[in-house]
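Have a look at the structure that comes next, please.
Just so it is clear: chains get the letters A, B, ... in the order the sequence lines come, proteins before strands, and each one is counted from 1. What's counted below: heavy atoms across the whole structure, side chains too, no hydrogens, waters or symmetry copies.
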Amino acid sequence: MDMSNPPHIKPCGDAALVIEYGDTVDAALNRRVLALDAYLARHPVGGISETVPTYRSLLVHYDPLRLDYADLSAALLEAAAVSGSDSATGTRWRIPVVYGGEYGVDLAEIAARHHMREEEVIRRHSAGIYRVYMLGFMPGFAYLGGLDPALATPRRDDPRLETPAGTISIGGVQAGVQCLAAPSGWHLLGRTPVRTYQPGREPMFLVEPGDEVTFAPIAADLFAGLEARASAREMIAEKVQP
Amino acid sequence: MLQVGPVTSVQDFGRFGGQRYGLGTAGALDRWSLAAANALVGSRQTAPAIEIGPFACRFKVEGGAVRIALCGASRPASINGRTLAFNSTALIADGETLDIRAAQGAVFSYLAMEGGIAGEPIFGSFSVHARLGLGAPFPRALASGDVLTVGNADQSAGERRLALPAADNGPIRIVLGPQDDYFTPAAIAALQETVWRISATSDRMGYRLEGPPLAHAKGHNIVSDGITNGAIQVPGNGQPLVLLADRGTTGGYPKIAVILSCDLHRFAQIPAGGAVRFKAVSVAEAQTASRAFAAALGDLPAHVGDAHDWTISAEALLAANLAGQAVDAQTDNP
């Protein structure tokens, strides 16, 4: 793929537009999205109210009283021409996880499916350094790239209507950290007491798009204590040196 | 709150800045009526008020007098038996009861109180997002038995009235995209030619549209991208879903078009079973319309007058181009 291809801009009504770099899940595309997002944070355009980076596009909400679609599109294409590809890493987080059993009800099935022992699935999942491609769907749900290809597993045919808060899961080639209880078609490997989103805590959101995430296996008997601390608004997750 | 129907909650203009973290905006479905109610009681247009769903409610005032204004979906309303006029302020004395009946022909009414509602905003907003358990002063929809602390009325002030233009029944205007290329030309035409019906399964997250399924040209899965208020998403079954204030921030179905921000309040007021038509306009036309709408919103306080001096100019508001294209949404004849 020619990474110098300029992105496409499309309107999303009268008060938003989307800058599309492609239509696939691709680490290189995502880096360009995050680079443009970071560039706009460093060089703010008056009238842009917020941006929403996703795998392959940047949604820009703006005030049509202050910005005209055609003018803003031209300015964003200029910004995209110089914003490049984000190579600077964000914060790296270490997130404790209790794997398997009642905490990760699909661990045994995933192990059997890939002809591995459960320990091997845990080892491979917790060895990865993941990148936060985007947050979406529900507050604090982090979509992660960087799953060991040997663990890639198609989504469930019958999505669950409810999965617990703190679920650590995989779906296709992606991995996820889920903050709130929610429906999900992904496979549940474990749970973390970490809350990536918590109203009343400073910061309210823990991870940013572009951050890195690592997972640290912990014993099940530590979960309740960490959960109580998280409930008292401790971060629990640790910042580690890349 | 003596009696509260479902989908009645405190709403302001919404919670912004957290969509990049997956935090939905919530916010009033009919900003025009919220701003009108706020203008009447002297609050800023974006201030929180009670968004009253289609069913009956009864509120009792205790501990002092409260001045209110009721705007939006019309419905019978009274204070201790005295008829309450819409788009006007009224004083409720200590111990009196406000009785609001079922909405007629629309869905949401907005009840603003002079001096506002007490509470601590969360991420800059009072707006209740029931699914996420967020909002102020309660992180949920209102329920019977709740007590809201509101401002004390200035009893020396006179009552005020707001002249509003006649309702606009024109088609709901849309801008095609961002994924209109995922649909056949026939589907793009059908979107605008069909008289759609609002499904009974609609809620603050989104309104489902009943009509002929819209055909995808290249599948119905996209790699998830961001979603705006008013996006018309079409999943695999071809039945459009208009995403509203309590929507998710990202999604993986193609969006054929987005409703103009200045027409969303009209769309959200169409009740279940009601008809709606769409008309595509260019982005430039859409932005001209949204600028006129914002100007009209900002001018609302200037059109609030003494209820006894009833010479407010409805023509001035109409001149602000709120009426849009005078085409009846309920007929087949554009």
**Item:** Proximity breakdown for L180(A) and chain B, heavy-atom pairs closer than 4.5 Å
**Value:** side chain
**Message:** Does the Lys NZ or Arg CZ of R140(B) fall within the cation-pi geometry relative to F138(B) - under 6.0 Å from the ring centre and within 45° of the axis?
**Reply:** yes
**Prompt:** Considering only heavy atoms, which portion of Q179(B) lies under 4.5 Å from any heavy atom of chain A: side chain, backbone, both, or neither?
**Reply:** side chain
**Asked** Does H220(B) have any ring-ring contact (aromatic ring centres under 6.0 Å, His included) partners at least two apart in sequence or in another chain, and if so, which?
**Response** H216(B)
**Heavy-atom pairs under 4.5 Å with chain B, option from V18(A), V25(A), D68(A), V132(A) with the top count** = D68(A)
**Asked** Which bit of M138(A) is near chain B, if near means a heavy-atom gap under 4.5 Å: side chain, backbone, both or neither?
**Response** both
**Prompt:** Side chains of K10(A) and L17(A): does their closest heavy-atom pair fall under 4.5 Å?
**Reply:** no
**Fill in**
Cut-off 4.5 Å, heavy atoms of chain B, and the answer for L67(A) is backbone
**Message:** So for L59(A), is it side chain, backbone, both, or neither that comes closer than 4.5 Å to the heavy atoms of chain B?
**Reply:** side chain
**Request:** Go through the atoms of Y69(A) and report whether side chain, backbone, both or neither lie under 4.5 Å from a heavy atom of chain B.
**Result:** both
**Interchain contact, L134(B) with chain A, by part (heavy-atom threshold 4.5 Å)** = side chain
**Asked** Checking P209(A) against chain B: side chain, backbone, both or neither under 4.5 Å from a heavy atom?
**Response** side chain
**Message:** Take a 6.0 Å sphere around NZ of K218(B) and say whether it holds more than 12 heavy atoms from other residues, nucleotides or ligands.
**Reply:** yes
**Prompt:** Under a 4.5 Å heavy-atom cut-off, does chain A meet the side chain of D181(B), its backbone, both or neither?
**Reply:** side chain
**Request:** Check the surroundings of atom CZ in R208(B): do more than 12 heavy atoms from other residues, nucleotides or ligands lie under 6.0 Å from it?
**Result:** no
**Prompt:** Is Y253(B) atom OH crowded by more than 12 heavy atoms from other residues, nucleotides or ligands, each under 6.0 Å away?
**Reply:** no
**Prompt:** With no hydrogens and no angle check, do the side chains of D12(B) and T46(B) hold a donor and an acceptor under 3.5 Å apart?
**Reply:** no
**Prompt:** Non-hydrogen atoms of chain B under 4.5 Å away: do they reach the side chain of H8(A), the backbone, both or neither?
**Reply:** neither
**For chain A, which residues of residues 13-24 of chain B have heavy atoms nearer than 4.5 angstrom** = F16(B), G17(B), G18(B), Q19(B), R20(B), Y21(B), G22(B), L23(B)
**Message:** Could you tell me if the side chain of S169(A) sits less than 4.5 Å from the side chain of D106(A), heavy atoms only?
**Reply:** no
**K279(B) with E285(B): basic N within carboxylate O range, under 4.0 Å** = no
**Item:** Flag side-chain contact, heavy atom, 4.5 Å: T250(B) against D225(B)
**Value:** no
**Request:** Please indicate whether R156(A) has more than 12 foreign heavy atoms, meaning atoms of other residues, nucleotides or ligands, lying under 6.0 Å from its CZ.
**Result:** yes
**Request:** Under 4.5 Å heavy-atom distance to chain B, tell me which part of S49(A) shows up: side chain, backbone, both or neither.
**Result:** neither
**Complete:** Heaviest contributor of heavy-atom pairs below 4.5 Å to chain B, chosen from Y143(A), F141(A), Y197(A), is Y197(A)
**Request:** Assess the side chains of S202(B) and S199(B): does a donor N or O sit below 3.5 Å from an acceptor N or O?
**Result:** no
